[in-house]
Amino acid sequence: MLNVKLVEHPLVQHKISLLRDANTGAKEFRELASEAAMLMCYEATRDLPLKTVEVETPLGTARSKVISGKKIAFVPIYRAGLGMLEGALTLVPAAKVGHIGLYRDPETRKAVDYYCKLPFDIADREVIIFDIMLATGSSAVKAIDLVSKAGVKSIKFMCIIAAPEGVSAVNNAFPDVQIYTGAIDEKLDDNSYIIPGLGDAGDRMYGTK
Ligand code: URA
């Protein structure tokens with residue numbers, strides 16, 4: 001049984017269909033990725049703890065709720081994950097942001113980090129790491145490893161499309177990390193692209209191919 005939450009909201013599903021469409025250009029792709037990330041972030045923050053406070057309204061005292069737990073940090077994985085950041089920050093503007101850059105070693109096919117800059121107080125925060133695609137899981141596992149070695153106790157991973165292989169890889173390496181995805185596709189091809197997926201998310205987002 002995979003430990004993954006499928007975000008089935010109609011608005012998310014509609015945007016994913018437009019993202020998949022090969023005729024969607026870079027500008028629209030960026031807008032859609034950001035909007036989908038914002039909506040998915042709504043789901044990924046649903047379990048934030050609340051506490052009751054008393055607020056003086058113009059007409060009396062209200063017992064009302066405010067977020068009581070740790071503050072949030074977002075960590076996009078370069079390149080494509082960066083396209084989800086703006087949408088996530090629209091929802092949680094006060095979140096701090098870490099950056100992780102990874103490339104795939106052509107021989108070992110493993111993710112290698114070339115950049116990692118995290119907020120100094122990240123260990124005191126709840127962290128949501130994101131990337132558009134969760135393919136083999138190698139980048140996700142590496143990013144989660146870097147964040148957990150920085151002392152973070154609560155980590156979520158959010159992507160727009162996942163392959164079953166990637167979900168299994170993250171579940172096996174980090175069973176406590178909850179994955180949020182908008183779709184779980186069929187499989188990976190020989191080049192580790194998700195089928196049917198949406199192609200190369202970075203290239204489509206930045207028009208590099
Ligand atoms: N990265 C992408 O951009 N697309 C895939 O299908 C897999 C990994």
Side-chain angles (χ1 to χ4, degrees), residues 2 4-7 12-41 44 74-88 99-116 128-147 156-174 177 179-209:
L2 299 174
V4 59
K5 275 207 170 105
L6 196 56
V7 182
V12 174
Q13 294 303 313
H14 185 85
K15 287 178 196 301
I16 291 175
S17 299
L18 296 172
L19 282 165
R20 288 187 191 275
D21 188 339
N23 294 313
T24 298
K27 174 180 174 287
E28 203 188 343
F29 191 95
R30 282 196 297 276
E31 290 165 358
L32 288 163
S34 180
E35 290 161 5
M38 183 187 71
L39 294 165
M40 292 181 68
C41 213
F74 295 129
V75 181
I77 301 176
Y78 285 15
R79 203 171 36 141
L82 208 48
M84 298 168 75
L85 179 61
E86 202 182 308
H99 297 269
I100 292 180
L102 302 171
Y103 69 90
R104 190 162 62 149
D105 185 300
E107 273 164 30
T108 64
R109 298 186 126 211
K110 291 227 166 88
V112 181
D113 55 303
Y114 64 86
Y115 189 73
C116 180
I128 303 178
I129 300 173
F130 37 73
D131 205 349
I132 302 262
M133 310 298 269
L134 174 59
T136 62
S138 172
S139 297
V141 167
K142 182 74 191 175
I144 296 166
D145 191 45
L146 288 166
V147 168
K156 291 171 177 164
F157 184 86
M158 194 170 87
C159 61
I160 292 182
I161 299 180
E165 294 90 332
V167 173
S168 299
V170 171
N171 281 178
N172 289 338
F174 295 99
V177 171
I179 300 170
Y180 294 83
T181 185
I184 303 178
D185 276 9
E186 202 185 316
K187 58 175 182 183
L188 295 177
D189 71 6
D190 293 343
N191 295 312
S192 301
Y193 279 96
I194 299 178
I195 304 296
L198 50 70
D200 188 302
D203 283 340
R204 293 202 56 198
M205 183 171 284
Y206 300 113
T208 37
K209 219 175 240 174

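The figures that follow rest on heavy atoms only: side chains count, while hydrogens, waters and symmetry mates do not. Whatever order the structure lists ligands and atoms in, that order sets their numbers, starting from 1. Not measured: the values here are computed from a predicted model. Quick note: residue numbers are just sequence positions, from 1.
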Non-neighbouring partners of Asp21 that pass salt bridge (Lys or Arg N to Asp or Glu O under 4.0 Å), sequence neighbours left out: none
Partners meeting ring pair (Phe, Tyr, Trp, His ring centres under 6.0 Å) with Tyr193 (sequence neighbours left out): none
pair Lys142-Ile100: side-chain heavy atoms closer than 4.5 Å: no
Contact residues of ligand 1, where a non-hydrogen atom lies under 4.0 Å away: Met133, Ala135, Ser192, Tyr193, Ile194, Gly199, Asp200, Ala201
Ser138 side chain to Ala111 backbone, donor-acceptor under 3.5 Å: yes
Donor + acceptor pair across side chains of Arg104, Thr136 (<3.5 Å): no
Summary of side-chain hydrogen bond (donor to acceptor under 3.5 Å, both in side chains) pairs that have at least one residue in residues 181-190, sequence neighbours excluded: Arg20-Asp185
